[in-house]
Novice: 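Please find one structure pasted underneath; my questions will follow.
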Protein chains: 2
Amino acid sequence: MTMRLADSGEGGELKRCVHDYQVNCGNCRLNGICLPLALETDDIKQLDEIIQRSKPLQKSQHLYREGDRFQSVYAVRSGALKAYKTTDDGREQVTGFYFPGEILGMDGISNNSHASSAKALETAAVCEIPFSSLERLSAMMPNLQRHFFQLMSREITEDQQLITLLSKNSADERVASLMLSISNRNAKRKLSATQFRLPMSRVDIGNYLGLTVETVSRVFSRMQKMDILLVDNKEIRILDTEGLKKMANLGT
Amino acid sequence: MTMRLADSGEGGELKRCVHDYQVNCGNCRLNGICLPLALETDDIKQLDEIIQRSKPLQKSQHLYREGDRFQSVYAVRSGALKAYKTTDDGREQVTGFYFPGEILGMDGISNNSHASSAKALETAAVCEIPFSSLERLSAMMPNLQRHFFQLMSREITEDQQLITLLSKNSADERVASLMLSISNRNAKRKLSATQFRLPMSRVDIGNYLGLTVETVSRVFSRMQKMDILLVDNKEIRILDTEGLKKMANLGT
DNA sequence: CCCCGGACTTGACGCAAATCAAGGTCCCCG
DNA sequence: CGGGGACCTTGATTTGCGTCAAGTCCGGGG
């Protein structure tokens with residue numbers, strides 16, 4: 001049975017979680033990326049109080065599943081997750097990868113039920129932000145309301161980027177774009193932009209980019225042969241960022 | 001001038017708009033679809049006051065362009081619009097079609113600048129909702145805040161539907177899905193679900209579904225030959241809804 | 001340590017949709 | 001009312017990626 005954060009709703013249980021995971025938004029090194037960006041110290045304290053931190057998810061554990069009742073959005077603290085939908089014929093469409101500082105779960109608001117599932121790609125810790133509390137606080141704190149509107153809007157523009165990628169770009173361009181996206185997001189978190197370990201499998205990459213595993217693999221080989229990337233299984237090193245950008249063929 | 005199916009529904013309303021812009025949310029026949037869904041009569045009056053109604057857009061006029069400063073979101077009152085982005089190599093990705101009662105422009109919130117352009121596919125009237133006022137009202141009216149969160153979330157889930165469609169479905173399935181989507185949205189507006197006039201060109205459909213014009217045209221021909229649709233240029237009549245659903249191959 | 005299964009790579013082949021090409025049709029404007 | 005350009009359809013050909021198949025690599029458990 002899958003362990004869900006929301007399940008640890010009992011008083012004693014919750015308290016223990018808080019004790020064990022004494023991080024708070026004020027001292028979190030991700031607080032430039034995550035929710036509290038625009039807030040005053042006082043406001044952060046209030047936000048901090050509604051956020052629940054619990055024990056990490058193990059690899060391949062679900063944070064929530066398609067159809068689950070929507071109660072919270074989640075901020076990634078460490079590790080990585082994927083969000084995905086399962087099509088009627090059983091195939092999987094990955095709709096996003098989420099790294100530390102990023103927020104997921106917002107697609108559940110419209111129906112009070114999650115429109116996708118979220119699963120840990122590796123051991124991951126998340127902050128749970130109960131949506132009802134977030135709504136209440138937002139009404140009181142204009143900055144928070146605005147910030148959350150912006151977060152949702154960003155999710156929309158990112159989805160639209162992906163739509164364009166899927167419908168207009170070749171396999172090479174898609175994979176190159178994803179590598180650049182991961183590189184940029186790493187840079188934002190003060191990690192290396194040129195060397196990283198992919199937390200997701202080739203299958204996941206394929207299911208995200210609308211390609212088969214074989215094609216993804218072939219693209220990596222091609223990039224390696226062109227001395228753009230150095231690929232050692234999940235270890236990636238970008239040798240030629242300009243070449244990669246050219247291959248991605250995006251003005252960005 | 002030829003009588004058109006779609007005009008018979010919206011034409012009267014358009015005429016009234018042209019004469020005077022004194023429509024208000026309280027008496028708008030779209031208010032079950034649009035923003036004020038969850039509001040009390042008093043609240044609607046307040047919302048009504050911030051909404052600006054202006055003279056209709058002519059076909060192919062822009063409502064806003066990619067990069068424009070973001071100030072408002074818009075509700076379609078009559079007609080139809082498309083939202084699209086232009087890729088670096090000059091091609092066009094249509095990210096959505098918007099019919100009466102639907103809201104567009106929310107992708108501009110994250111950067112205070114529109115991430116896409118919006119253009120009228122035919123003569124269209126829109127309600128402009130200044131975002132700053134909407135934010136102010138939202139903080140005061142929890143129902144409005146929630147409703148707007150839900151609207152944005154719906155935009156996200158719809159984009160994710162499109163992502164899945166683009167990456168997993170054949171040309172036949174894509175076109176069939178779009179026809180069903182338009183049919184359903186018509187039904188919501190109390191118009192015929194089986195007979196309508198497409199406001200967009202084949203090129204627009206292709207640019208939305210990630211297909212070329214030729215392919216779109218061929219799919220229409222195929223559907224006609226299978227007695228699923230009756231296609232007369234932009235006039236569409238659905239002859240076999242079940243067959244269409246089967247062709248779309250979506251559990252919905 | 002070795003074995004096993006899942007993840008990844010590589011090659012051969014086929015197909016759905018893109019591209020190229022040529023007309024046909026609608027309708028806007030002079 | 002008639003000319004022209006945009007839009008649409010249809011056919012022939014090409015091609016990028018999917019599919020199928022056959023390994024190879026790697027990591028974890030006995």
Side-chain angles (χ1 to χ4, degrees), chain A residues 58-60 82 87 89-94 121-123 165-176 197-226 229-236 247 249, chain B residues 1-4 7 58-60 82 87 89-94 119 121-123 165-178 197-226 229-236 247 249:
Chain A
Q58 293 307 307
K59 179 175 171 164
S60 92
K82 69 171 173 181
T87 58
D89 50 347
R91 285 177 305 173
E92 180 177 309
Q93 176 64 44
V94 173
L121 293 168
E122 58 192 3
T123 308
L165 197 68
L166 288 173
S167 101
K168 295 279 189 292
N169 294 98
S170 69
D172 283 3
E173 292 165 340
R174 295 183 207 183
V175 177
R197 182 185 170 77
L198 298 175
M200 73 292 279
S201 70
R202 300 285 193 271
V203 179
D204 289 331
I205 294 177
N207 284 338
Y208 178 68
L209 296 175
L211 302 169
T212 58
V213 208
E214 294 95 325
T215 301
V216 173
S217 180
R218 275 187 258 268
V219 173
F220 275 130
S221 302
R222 217 172 297 151
M223 284 171 155
Q224 176 131 258
K225 206 168 288 170
M226 294 170 74
L229 288 190
L230 211 149
V231 185
D232 174 17
N233 200 5
K234 303 202 161 173
E235 270 337 303
I236 301 287
M247 193 163 184
N249 200 21
Chain B
M1 178 184 152
T2 333
M3 181 61 162
R4 292 169 184 169
D7 286 348
Q58 293 308 308
K59 178 172 171 164
S60 91
K82 69 171 172 180
T87 58
D89 49 347
R91 286 177 305 173
E92 180 177 309
Q93 176 63 45
V94 175
K119 185 191 254 195
L121 293 168
E122 57 193 4
T123 309
L165 196 67
L166 289 174
S167 101
K168 296 277 189 288
N169 295 97
S170 68
D172 284 3
E173 291 165 342
R174 294 183 207 183
V175 177
S177 297
L178 178 60
R197 181 185 168 78
L198 298 175
M200 73 292 281
S201 70
R202 300 285 192 269
V203 179
D204 288 332
I205 294 178
N207 283 339
Y208 177 67
L209 296 176
L211 302 168
T212 58
V213 209
E214 294 95 325
T215 301
V216 173
S217 182
R218 274 186 258 268
V219 173
F220 276 131
S221 303
R222 216 172 299 152
M223 285 171 155
Q224 175 131 261
K225 206 168 289 169
M226 294 169 74
L229 288 191
L230 212 149
V231 185
D232 175 18
N233 201 5
K234 302 202 162 175
E235 291 303 332
I236 301 286
M247 192 161 186
N249 200 21

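Here is the naming used below: chain letters follow the sequence lines, and residue numbers restart at 1 for every chain. Hydrogens, waters and symmetry mates play no part in the numbers below; they use all other heavy atoms, side chains included.
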Novice: To the nearest Å, how far apart are B:Asn207 CG and D:dC8 P?
Specialist: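 It is 12 Å, rounded to the nearest whole Å.
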Novice: Looking at every strand, decide which applies to A:Gly210 at a 4.0 Å heavy-atom threshold: base, sugar-phosphate, or nothing.
Specialist: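 Sugar-phosphate, backbone atoms only, no base.
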Novice: Output the rounded distance in Å from CZ (B:Arg202) to C1' (C:dC26).
Specialist: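 Nearest whole value for this atom pair: 12 Å.
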Novice: Measure CD/A:Glu235 against C1'/D:dC26 and give the value in whole Å, please.
Specialist: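 Spelled out: CD on A:Glu235 to C1' on D:dC26 is 14 Å.
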Novice: Any donor and acceptor pair, going by atom type alone, linking the side chain of A:Arg202 with main-chain N or O of A:Asn233 inside 3.5 Å?
Specialist: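 Yes.
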Novice: Using whole Å, what does the distance between atom C1' of nucleotide C:dA16 and atom CG of B:Leu209 come to?
Specialist: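 After rounding, the reported distance stands at 16 Å.
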Novice: Give the rounded distance in Å between these two atoms: CZ of B:Phe220 and C1' of D:dT9.
Specialist: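 Rounded to the whole Å, the gap is 13 Å.
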Novice: Whole angstrom is fine here: how far is it from CG in B:Asn233 over to P in C:dG24?
Specialist: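 Atom-to-atom, B:Asn233 to C:dG24, this comes out as 17 Å.
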Novice: Please compare A:Met200 and B:Arg218 by the position of their nearest nucleotide in DNA chain C and report the one closer to 5'.
Specialist: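 Final value for this comparison: A:Met200.
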Novice: Reckon B:Ser217 has a side-chain N or O less than 4.0 Å from the OP1 or OP2 of D:dT10?
Specialist: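 For D:dT10, neither OP1 nor OP2 has a side-chain N or O of B:Ser217 closer than 4.0 Å.
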Novice: For the side chain of B:Ser221, starting at C-beta, report the closest nucleotide among D:dC17, D:dT9, C:dC26.
Specialist: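 Closest of the options to the side chain of B:Ser221: D:dT9.
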Novice: Closest approach to the side chain of A:Ala171, judged atom by atom: which nucleotide of C:dT19, C:dT9, D:dC17 is it?
Specialist: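 The closest nucleotide is D:dC17.
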Novice: Taking C-beta and beyond as the side chain, do A:Leu211 and A:Val175 meet within less than 4.5 Å on heavy atoms?
Specialist: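 Of all side-chain heavy-atom pairs linking A:Val175 with A:Leu211, at least one is under 4.5 Å.
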Novice: Quick one, A:Thr215 with A:Leu209, criterion side-chain contact (heavy atoms from CB on, under 4.5 Å). Give me CA distance, side-chain angles, the key distance, then yes/no.
Specialist: CA-CA 10 Å; A:Thr215 301; A:Leu209 296 175; over 6 Å; no
Novice: Any N or O donor-acceptor pair linking the side chain of A:Glu214 to the base of D:dC17 at under 3.5 Å?
Specialist: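 No such pair is found, so the answer is no.
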Novice: Looking only at side-chain N and O atoms, does A:Thr215 come under 4.0 Å of OP1 or OP2 in D:dC17?
Specialist: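 For D:dC17, neither OP1 nor OP2 has a side-chain N or O of A:Thr215 closer than 4.0 Å.
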Novice: Return yes when atom NZ of B:Lys59 has more than 12 non-hydrogen atoms of other residues, nucleotides or ligands closer than 6.0 Å, and no otherwise.
Specialist: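 Incorrect, the count does not exceed 12.
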Novice: Round to a whole Å and report the spacing from CG of A:Leu165 to P of D:dC17.
Specialist: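 Value for this atom pair: 12 Å.
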Novice: Please determine whether a side-chain nitrogen of the Lys or Arg among B:Lys82 and B:Glu92 lies less than 4.0 Å from a carboxylate oxygen of the Asp or Glu.
Specialist: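 Here B:Lys82 pairs with B:Glu92 in a salt bridge, since their nearest N and O are under 4.0 Å apart.
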Novice: Rounded to whole angstrom units, what separation is found between the CG atom of B:Leu198 and the P atom of C:dC26?
Specialist: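 That distance rounds to 16 Å.
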Novice: Mind checking if A:Lys234 touches a base, just sugar-phosphate, or nothing, with heavy atoms under 4.0 Å?
Specialist: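 A:Lys234: backbone/sugar contact only, no base atoms under 4.0 Å.
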Novice: Taking OP1 and OP2 of C:dA18, is either one under 4.0 Å from a side-chain nitrogen or oxygen of B:Thr212?
Specialist: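 Yes, within the criterion.
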